[in-house]
Amino acid sequence: MRKVTNAEAALAEIMSVLSALPRTRKVADAPATFVTRSALWAFPDVTRVWIEGDTVHIAGHLIYGKSDMGVNKARITAVLARVGL
């Protein structure tokens with residue numbers, strides 16, 4: 001059995017929190033990719049999470065428009081806070 005690294009444990013926690021967010025679904029595995037739709041217009045935002053070496057990376061971006069008005073940053077900040085990072 002392979003030992004789980006801290007990065008892998010953090011990735012699993014982050015993915016669990018992302019999966020539980022409203023209007024969010026996982027659409028790909030490598031890297032883990034989630035689509036969250038806005039409440040009013042159902043615009044999609046993409047959040048990706050992956051491990052590189054011993055570092056967990058998380059990135060979010062909008063699909064349509066020029067500004068997400070800080071929604072992706074707020075989502076990522078909230079997710080990281082929920083897992084204690």
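One-based numbering along the sequence shown.
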* Separation of S16 OG from L11 CG (nearest 0.5 Å) -> 11.0 Å

* State the CG-CD1 distance between L18 and I58, to the nearest 0.5 angstrom. => 5.0 Å

* Where do V46 and T33 land on the side-chain contact (heavy atoms from CB on, under 4.5 Å) test, with the steps shown first? -> CA-CA 7 Å; V46 173; T33 305; 3.7 Å; yes

* Asked: Taking the side chain as C-beta and beyond, is there a heavy-atom pair between R48 and F34 under 4.5 Å?
  -> no

* What pair of heavy atoms forms the shortest contact from S38 to R23, and how long is it? -> C-NE, 3.6 Å

* Minimum side-chain heavy-atom gap E8-I51 below 4.5 Å -> yes

* Minimum-distance pair of heavy atoms, taken over all atoms of K26 and A28 -> CE-O, 3.3 Å

* To do: Say whether, by atom type as modelled, one donor and one acceptor occur between the side chain of T55 and the main chain of G53 under 3.5 angstrom.
  => no

* Structure fact -> Here the gap from I63 atom CD1 to D68 atom CG, rounded to the nearest 0.5 Å, amounts to 11.0 Å

* Are L62 and L40 linked, directly or through other ILVMFWY residues, by side chains that come within less than 4.5 angstrom of each other? -> no

Exercise answer: donor-acceptor pairs, residues 73-85 side-chain atoms, under 3.5 Å, sequence neighbours excluded:
| unit_1 | atom_1 | unit_2 | atom_2 | d |
| --- | --- | --- | --- | --- |
| R75 | NH1 | N72 | OD1 | 2.6 |
| R75 | NH2 | D45 | OD2 | 3.4 |
| T77 | OG1 | K73 | O | 2.8 |

* Would V35 end up clustered with V49 when hydrophobic side chains under 4.5 Å apart are linked, directly or stepwise? -> no

